[in-house]
Amino acid sequence: MRGRRRTGEGPDDGGGLEDAGGPRPGSGAQGRAAPGAGGSRTGTPGPEPPGDRAPGLAERLARVALTRLTEPGDERVGRWLRELGAEGLVRGLTGAGPPPPGAGKERLAGCRARAAALDPRRDLGTVAGLGGRFLCPGDREWPGQLNDLGDARPVGLWVRGEANLRLWALRSVAVVGARACTDYGSYVSATLGAGLAELGWVVVSGAAYGVDGAAHRGALAAGGATVAVLACGVDVPYPRGHAELIGRIAEQGLVLAELPPGGHPTRSRFVLRNRVIAALTRGTVVVEAQYRSGSLVTARRARELGRHTMGIPGPVTSGLSAGVHELLREDACLVTDAAEIAELVGGMGELAPERRGPVVPRDLLTPALTAVLEAVPGGPGGDRDLIARNAGRDLDRTLRGLHELQALGFVERSGDHWKLAGPTSTSGTTKPPGRRPSVRRGGS
């Protein structure tokens, strides 16, 4: 992978960037459309995002070099990139030109050490061999919502998979949470992943153990779309135990990374990766998280960017619910299934079904009949005079109500005596053997 570049090849050697090879701008820009986007599995990307011109080959290769020279999410690098351009910044960081304003000696020394292994053409070739590509701001496939990050916007994105990232990101939801999740968290995450996929949403997560992996698997099992955003290179399966899962995602969905081929994950890179997940999607759902969970960083960053933040409630006795409940106290929206998520982040008309308990025969009674039924004493019952007094109605109306309730199976008559009917007369469900008949409580 790594090696010393030959003379005349490299971003800090005069016109080497213009002479280097690699894929042309826009390569791999077309692919599968997001489910529900235009009703087609294939589609043509729309116009370029405003504010970014289509990058030339020299700029593309300079940005490839910057993914090795700098760390993701560095806002100072983003400001230099905006002011100097990609090629000028590479020359400044590698010593082939004046250093960027304010760059310290330690930073410059580190960049020059990394520059010894720069070979943008080789990096592009490595990812192309995996069926991948490198996206820059200004490419037609570049997701414009990443521009909301300002100077913390990625320098570029390494992508594996055939789908069109920009189209998929338009209808995507992040599902994140604890690595060491409970069986409840794993089940809920998989169910959410499958449910969102069935509703035509793209499930985005980080391919980690626990909630992330369960959400990806749920989407894949439903034949849906899913995107993994890694904190390492797209050619580095991390965690190792998810090598097969990441491979399946690359085949059926997309794998993204800011780091170049061979890039290894670190704690800070995991945290910085979360901002991409937050910015890329329409909203972030947290399933199980402790107070210091990185998934809360994702959700709070999503809220800062104006995205929807949601949480799945859990047992108050579980430490893995504490972070989610704190997020809900901070005005995140409580959701319980994919339909409620789609209602929140989707367009007009994407409503979750109405939630209510089962309708029982008693619910169909008129208020007058309900008043008479509630006036019938439990146990042995009572005569019509007692029932009329309890109901606060005259005797004739009470008697008419009792006869109607008898016809409906709610009460039984023995001479002038009325009592509540047995439970099998008024319920559509079979009572378990040995269960005592229900007794109305609170009567006179």
Side-chain angles (χ1 to χ4, degrees), residues 182-188 190-192 194-195 198-199 287-288 310-318 320-322 324-325 328-329 333-344 349-444:
T182 64
D183 290 342
Y184 164 79
S186 179
Y187 171 80
V188 170
T191 303
L192 289 180
E198 290 170 355
L199 293 173
V287 183
E288 290 197 325
M310 296 155 279
I312 299 287
V316 297
T317 54
S318 172
L320 288 169
S321 301
V324 181
H325 294 168
L328 293 173
R329 285 168 54 86
C333 186
L334 187 152
V335 291
T336 60
D337 62 17
E340 293 177 352
I341 296 170
E343 180 180 48
L344 187 64
E350 294 189 63
L351 301 177
E354 183 180 357
R355 311 301 168 91
R356 57 177 300 174
V359 177
V360 298
R362 184 173 180 139
D363 296 334
L364 305 177
L365 297 178
T366 64
L369 286 179
T370 301
V372 174
L373 179 61
E374 291 179 347
V376 178
D383 59 27
R384 60 185 184 180
D385 294 327
L386 173 62
I387 295 171
R389 287 197 303 272
N390 288 345
R393 294 175 176 272
D394 61 65
L395 190 60
D396 289 340
R397 290 185 179 181
T398 301
L399 195 55
R400 286 198 299 269
L402 286 170
H403 282 292
E404 190 171 347
L405 290 170
Q406 182 184 20
L408 294 172
F410 285 92
V411 298
E412 298 173 350
R413 180 185 180 187
S414 177
D416 290 336
H417 201 79
W418 298 84
K419 65 177 183 178
L420 296 173
T424 56
S425 302
T426 59
S427 174
T429 59
T430 304
K431 299 295 185 287
R435 179 172 175 175
R436 295 183 299 171
S438 59
V439 177
R440 192 181 74 84
R441 301 183 183 278
S444 57

Quick one: does W418's side chain get under 4.5 Å of L399's, heavy atoms only?
-> yes
Please tell me if the side chains of P361 and F410 come closer than 4.5 Å, counting only heavy atoms from C-beta onward.
-> yes
Taking C-beta and beyond as the side chain, do V335 and L192 meet within less than 4.5 Å on heavy atoms?
-> no
Which pair of heavy atoms, one from V324 and one from E288, lies closest together, and at what distance?
-> CG2-N, 3.5 Å
Tabulate below the donor-acceptor pairs under 3.5 Å that side-chain atoms of residues 380-389 make, not counting sequence neighbours, or state none.
residue	atom	partner	partner atom	Å
D383	OD1	D385	N	3.2
D383	OD1	L386	N	2.8

Shortest non-hydrogen separation from A391 to A375 and the atoms involved = N-CB, 3.5 Å
Which atom pair, heavy atoms only, marks the closest approach of A338 to G195?
-> CB-C, 3.5 Å
Roughly how far, to the nearest 0.5 Å, is CG of L373 from CG of L369?
-> 8.5 Å
N390 side chain reached by V372 side chain, heavy atoms, under 4.5 Å | no
With sequence neighbours left out, what residues match R397 under side chain to side chain contact (heavy atoms under 4.5 Å, CB included)?
-> D394, R400
Would you name the heavy atoms of L344 and C333 that are closest together and state the gap between them?
-> CD2-CB, 3.8 Å
Side-chain heavy atoms of R362 within contact of E374, under 4.5 Å = yes
Heavy-atom side-chain contact between R413 and L402 under 4.5 Å = no
Rounded distance (nearest 0.5 Å) linking atom CD1 of I312 with atom NE2 of H325 = 10.0 Å
Nearest atoms (heavy-atom pairs only) where A342 meets L199 = CB-CD1, 4.0 Å
